[in-house]
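What follows is a set of notes on a single structure, which appears directly below.
Computed from heavy atoms alone, side chains included, the values below leave out hydrogens, waters and symmetry copies. These figures come from a predicted structure and were not determined experimentally.
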Amino acid sequence: MIKVLLLANGLDTSDLAEALEAHLITLCPVELALPKGAPVNEEQVASLLDAHSDFDGLIFAPAFAASGTLTASLDDMLDLLATSFVYVKAALASFETRNVSGRLISLLPGDAAMGDPAQLLDSTLAGAMLSLFRTLALELRKTPITANTLMYAAAPSESSPEKMMLADTQSLAALISMFLGKETRGVNGQEIYALGAADVGRLHP
């Protein structure tokens, strides 16, 4: 089994976990605690990942808004970005120490990634994550570690209206499985829009 850690907020990923099981991938959510007036504790993050020392990849799935309503502040977004960066550094250190061809995957809401003006905060966050993963892909191009991004369609979760639910988990699971494959180490720095052609003909960021 392939083990992938999930760093998420505001996203219902229960269906995705079930879909990934069919690909022999275990999805393990990691508790995301944003700092409150203090920097992220890098030692705690490293220790947390050490507790999952056999993980093969780390998925970042940041989300703030539900139904187009902003539920976070700019400070919250900056905290989330800082936290994500600390997890990236800890994951890279773990991959290198264990000599693992690790995989970093960013899951972003498609509308926000395309710059939806009704989702100003999420769009800003998505743009920052896209830039981060582009830089990571360039930095990692001479290593066996890869960094790729998937854009998804989402809707409010029926069980938890404050959370967003992935619209097409089967497609996302197949793409994640592809990214995690040993034979796809050359697939790096890709940005795939799993939006059912909703992005076709539109200017990508």
Do Phe55 and Val30 come close enough that some side-chain heavy atom pair is under 4.5 Å?
no
Any donor and acceptor pair, going by atom type alone, linking the side chain of Asn148 with main-chain N or O of Gln190 inside 3.5 Å?
yes
For the side chain of Ser47 and the backbone of Glu43, is there at least one donor-acceptor N/O pair under 3.5 Å apart?
no
So, Ser94 side chain and Ala90 main chain: donor-acceptor pair closer than 3.5 Å or not?
no
Flag the pair Phe179 / Leu150 as yes when at least one side-chain heavy-atom distance between them is below 4.5 Å, and no otherwise.
yes
Measuring only between side-chain heavy atoms, which start at C-beta, is Asp15 closer than 4.5 Å to Leu166?
no
To the nearest 0.5 Å, how far apart are OG1 in Thr146 and CG in Leu104?
7.0 Å
Suppose the criterion is salt bridge (charged side-chain N to carboxylate O under 4.0 Å, His left out): which pairs have a residue in residues 137-147, not counting sequence neighbours?
none
Which pair of heavy atoms, one from Ile145 and one from Val100, lies closest together, and at what distance?
CG1-O, 4.1 Å
Measure the CG-OG distance between Leu125 and Ser84 for me, rounded to the nearest 0.5 Å.
7.5 Å
Contacts of Tyr152 meeting ring-ring contact (aromatic ring centres under 6.0 Å, His included) (sequence neighbours excluded), chain-then-number -> none
Sorted by first residue and then second, give each ring pair (Phe, Tyr, Trp, His ring centres under 6.0 Å) pair with at least one member in residues 117-142; sequence neighbours left out.
Phe60-Phe133
Contacts of Thr184 that satisfy side chain to side chain contact (heavy atoms under 4.5 Å, CB included) - sequence neighbours left out
Met178, Val187
Look up atom CG in Leu180 and atom CD1 in Ile105, then write down how far apart they are to the nearest 0.5 Å.
4.5 Å
Working note: Thr13 + Ile59, criterion side chain to side chain contact (heavy atoms under 4.5 Å, CB included); need CA distance, chi angles, decisive distance, verdict.
CA-CA 11 Å; Thr13 57; Ile59 297 177; over 6 Å; no
Euclidean distance, Leu140 CG relative to Leu92 CG, rounded to 0.5 Å
5.5 Å
Any idea which heavy atoms bring Ala91 and Leu58 closest together, and the distance?
CB-CD2, 3.8 Å
Which distance, rounded to the nearest 0.5 Å, do you find between the OG1 of Thr83 and the CD of Glu42?
10.5 Å
Restricting to pairs with a member in residues 97-129, which pass ring pair (Phe, Tyr, Trp, His ring centres under 6.0 Å), not counting sequence neighbours?
none
Pairs flagged by salt bridge (charged side-chain N to carboxylate O under 4.0 Å, His left out) wherever residues 175-188 is involved - sequence neighbours left out:
none
Residues passing the side chain to side chain contact (heavy atoms under 4.5 Å, CB included) test with Ala61, sequence neighbours excluded, are Leu6, Ala8, Leu11, Leu107
With hydrophobic residues grouped by side-chain heavy-atom distances under 4.5 Å, do Met129 and Leu138 end up in a single group?
no
Identify the heavy atoms of Asn188 and Ala147 that sit nearest to each other, and give their distance.
OD1-N, 2.9 Å
Sort and list the pairs that fulfil salt bridge (charged side-chain N to carboxylate O under 4.0 Å, His left out) and have at least one residue in residues 90-107, not counting sequence neighbours.
none
Non-neighbouring partners of Ser14 that pass side chain to side chain donor-acceptor pair (under 3.5 Å), sequence neighbours left out:
Asp12
Please list all pairs meeting side-chain hydrogen bond (donor to acceptor under 3.5 Å, both in side chains) that have one or both residues in residues 168-178, counting only residues at least two apart or in different chains.
Asp168-Ser171
On a heavy-atom basis, which atom in Pro62 and which in Leu80 lie closest, and how many Å separate them?
CB-CD2, 3.5 Å
Output all residues satisfying side chain to side chain donor-acceptor pair (under 3.5 Å) with Lys3, sequence neighbours left out; order by chain, then residue number.
His52, Asp54
Let me check something: any side-chain donor-acceptor pairs from residues 17-26 under 3.5 Å, sequence neighbours excluded? List them with distances.
none

If you take all heavy atoms of Met151 and Ala113, which pair is closest and at what distance?
CG-CB, 3.5 Å
